[in-house]
Amino acid sequence: MTPALKLERRIIIISTAFVIVLFGLAAMAINLFHVGLPTCLTDIKPFQKGEFIAHSPTHYEVHYVAKMWDFEPAEVVVPAGSTVDVYVSTPDVTHGLILLGTNLNLMVVPGVVNYARVKFDKPHNYQLLCHEYCGTGHERMAANLRVVDAVTFAAQKTPPTPGPPAQNDAMVKLLEAKDCMTCHSIDGSDGIGPTLKGIYGRKTKLTNGSTITVDEAYLREAIVNPSATVVTGFDDVMPKPELTDEEVNALIDYLKNLK
Ligand code: CUA
């Protein structure tokens, strides 16, 4: 064999060994460190509602909704040793989702759903952050993912927070559409009218001299026929809103739970 052939053979052997080592490392990363491919786009339709689904005691699914400026659900609890499928969607602008201390790092792009699978071996409190600048509230856009031991997980009676029901968003939209929010806040501050936050069960003095506790009947009257019951300290300026019966019922349900 000529020296040139010898050299060629050596090069072939070394490069083949290199490729084998490379595949070996990739296999090790997948099996030992659970490194997946987090860039997978799915063909799932974007969703509006944060969700936590338990498939089995060791397999969970989380639907994160990233929106200006929080994640829904804000807290997820899973037992150690479980595999979690994470799907993320956004109704507004581009966000990012990173789970510090893990390989979970996804872009959150309007119109598509991104997916990644994570396996959690040990109990730990993980922080979920938005890593794409998305406006003035970007830096406070965070959530928690707690991995707890099986005993703690079994002990927690309350199911993981599924986030505020989607109905709330619809109701806020309705309140905005009917111009209610011009005078009534839902954050506890009084405006031209009293705040709607915590209205249900509130002891309220009316301009007719009576004091009532806000109940369903009062809410209905106050929505449908505002002039009949005016709260002391406010003017009788509320117009009759144009609402269907279903909308009135839904609003009452919403206000009952607006604590
Ligand atoms: Cu969302 Cu930054």
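As the structure lists them, so they are numbered: ligands from 1, and atoms in each ligand from 1.
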Can any side-chain N or O of S89 pair as donor or acceptor with the backbone N or O of V113 at less than 3.5 Å? no

Would you say D149's side chain and V151's backbone share a donor-acceptor pair under 3.5 angstrom? yes

Could you count the protein N, O or S atoms found under 2.8 Å away from atom 1 (Cu) of ligand 1? 4

List for me each residue that meets salt bridge (Lys or Arg N to Asp or Glu O under 4.0 Å) alongside D121, sequence neighbours excluded, and say none if there are none. K119

Taking the ring of Y126 and the ring of F120, is the distance between their centroids below 6.0 Å? yes

Donor-acceptor contact present, side-chain Y200 to main-chain K197, <3.5 Å: no

Looking at N114 and L106, would you say the former's side chain and the latter's main chain have a donor-acceptor pair under 3.5 Å? no

